[in-house]
A.B. asks: 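Before I ask anything, let me first share the structure, which is written out below as structure tokens.
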Amino acid sequence: MDINKLLRKNIQTLKPYSSARDEYTGEAMVFLDANENPFNQPYNRYPDPLQKVLKEKISVLKNFPPENIFLGNGSDEPIDLLIRAFCEPGIDNIVTISPTYGMYQVAAEISGVELRKVSLTTEYKLDYAAVLSATDVNTKLIFICSPNNPTGNSLEKTAMIELIKKFQGLVIVDEAYIDFAPGKSLLPEIENYPNLVILQTFSKAWGMAGIRLGMAFSSAKIIDVLNKIKYPYNLNILTQQKALELLAKKETVEKWVKLLIAEREKMAGLLKDFPFVIKVYPSDANFLLIKMFDAKGIYDYLVEKGIIVRDRSKVHLCENSLRITIGSSKENGTLLSALKNLI
Ligand SMILES: *Cc1c(COP(=O)(O)O)cnc(C)c1O
């Protein structure tokens, strides 16, 4: 596959912005090249455009080469950049599954790119043949999500691989919840499939949604494209520093994940016995999708009690379903007590 041919013409020929920090990357005694203010150190300096120190640490964590990693302002940034790099507005299209994460559609619409939705099966499984048949010569990207939001299940690896093998464009697999899943990441498959892009984030298992740090992993050619079109200083100094601090405390994060998985299983077991609950779907993520009689009524009741969950009833295949994030043991207890008062 020729990645260059998939790219929009204007991106193929784009000459990227060259910052002072791109043109001179070494150490020096005096920096007078970027019109920075000499006072208010260290915040007076522009951040490293390619985040070398942070990427090196993430490379060790993921056991994956730094030149195959892109860091962005949340995963939302690579989602948007991939669409802008590969999809010609009004001409090209994207295929995704339904239901899934809403940002693929919003980013496509902002860019004026058609988005085609292919339903999961009623068991929330990936029908890769149906996804393939929704593509045509102008389909540049396929977005899938595993574990999927809002259904919580992981998609079958064999089905994902078939899609990646057979599709002539890029397949983006969003693994935002992979740390909560028993199954393995598709990261090792990137060396086999240059059209595979994997998204992960520091927003969920790492507990850093507030600092906005997302990752894209792919073949070096695709990573180079993302680096070429991103804002030169897309990750600020504070974000990079905070991420480095938490990366040094990896064991804490592993503890959180274990705890949240145990809470998830406990909650799933208790919630399924409520008389108004029809089904608690199995989850590989940090939330549960629950089908109920009168989901809207229960949602409204919980809001009144100061407990906010997500009503997904209007979402395809999620009729009468609430999506409930797994909180601390205390928060989950508050939810359970409120629900008990309903029976
Ligand atoms: C929460 C979530 C993200 C995270 O996005 P960030 O921009 O990194 O915070 C990405 N994908 C899915 C499917 C999510 O649910």
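Side chains are part of it too, since the values below use all heavy atoms of this structure and drop only hydrogens, waters and symmetry mates. These figures come from a predicted structure and were not determined experimentally. Counting convention: from 1, in listed order, for ligands and their atoms alike.
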A.B. asks: Below 4.0 angstrom from a heavy atom of S203, which ligand 1 atoms are there? Numbered from 1 as shown, please.
C.D. replies: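 By the 4.0 Å cutoff, the relevant atoms are 6 (P), 8 (O), 9 (O).
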A.B. asks: Which bit of N149 is near ligand 1, meaning a heavy atom under 4.0 Å away: side chain, backbone, both or neither?
C.D. replies: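 The answer is the side chain.
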A.B. asks: Quick one: which of K204, Q200, M103 has a heavy atom closest to atom 4 (C) of ligand 1?
C.D. replies: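 Nearest heavy atom to atom 4 (C) of ligand 1 lies in K204.
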A.B. asks: If the cut-off is 4.0 Å to any non-hydrogen atom of C145, which atoms of ligand 1 fall inside it?
C.D. replies: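 Reading through ligand 1 atom by atom, the close ones are 13 (C).
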A.B. asks: Hey, is R212 one of the residues with a heavy atom under 4.0 angstrom from ligand 1?
C.D. replies: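 Yes, that is the case, since the closest heavy atom of the residue is under 4.0 Å from the ligand.
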A.B. asks: If every non-hydrogen atom of I237 is compared with every non-hydrogen atom of P42, which pair is closest and at what distance?
C.D. replies: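 Shortest heavy-atom contact: CD1-O, 3.7 Å.
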A.B. asks: Please list, in number order, the atoms of ligand 1 under 4.0 Å from a heavy atom of G74.
C.D. replies: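 Answer, ordered by atom number: 6 (P), 7 (O), 8 (O).
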A.B. asks: Ring centres of Y101 and F143 under 6.0 Å apart?
C.D. replies: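 Not under 6.0 Å, so no.
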A.B. asks: Do N236 and R212 have side-chain atoms, one donor and one acceptor, less than 3.5 Å apart?
C.D. replies: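 Side-chain D/A pair, N236 to R212: absent.
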A.B. asks: Looking at atom 11 (N) of ligand 1, what's its closest protein heavy atom, distance included?
C.D. replies: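 Among all protein heavy atoms, the one nearest atom 11 (N) of ligand 1 is D174 OD2, 2.6 Å.
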A.B. asks: Please state which part of S75 comes within less than 4.0 Å of ligand 1, counting heavy atoms only: side chain, backbone, both or neither.
C.D. replies: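 The part of S75 near ligand 1 is both the backbone and the side chain.
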A.B. asks: Relative to each other, are the rings of Y124 and Y281 parallel, tilted or perpendicular (30° and 60° limits)?
C.D. replies: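 Rings of Y124 and Y281: tilted, as their planes differ by 30° to 60°.
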A.B. asks: Any non-hydrogen atom of Y177 lying under 4.0 Å from ligand 1?
C.D. replies: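 It does, in that a heavy atom of Y177 comes within the 4.0 Å cut-off of ligand 1.
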A.B. asks: Atoms of ligand 1 less than 4.0 Å from D76 heavy atoms?
C.D. replies: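 This gives 7 (O) as the contact atoms.
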A.B. asks: For A209 and ligand 1, answer yes if some heavy atom of the residue is under 4.0 Å from a ligand atom, otherwise no.
C.D. replies: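 A209: no contact with ligand 1 (<4.0 Å).
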A.B. asks: Counting distance only, does the side-chain N/O of T239 pair as donor-acceptor with the main-chain N or O of I211 below 3.5 Å?
C.D. replies: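 Side chain of T239 to backbone of I211, a donor-acceptor pair under 3.5 Å: yes, one is there.
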A.B. asks: Are the side chain of E175 and the backbone N or O of I198 linked by a donor-acceptor pair below 3.5 Å?
C.D. replies: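 A pair under 3.5 Å: no.
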A.B. asks: Could you tell me which non-hydrogen atom of I261 sits nearest to which non-hydrogen atom of F180, and how far apart they are?
C.D. replies: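 Heavy atoms of I261 and F180 come nearest at CD1-O, 3.8 Å.
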A.B. asks: Short list, please: which atoms of ligand 1 are under 4.0 Å from a heavy atom of A176?
C.D. replies: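 Going through ligand 1 atom by atom, the ones under 4.0 Å from A176 are 2 (C), 3 (C), 10 (C), 11 (N), 12 (C), 14 (C).
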A.B. asks: Can you tell me if Q105 uses its side chain to pair, donor with acceptor, with the backbone of L115 under 3.5 Å?
C.D. replies: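 No.
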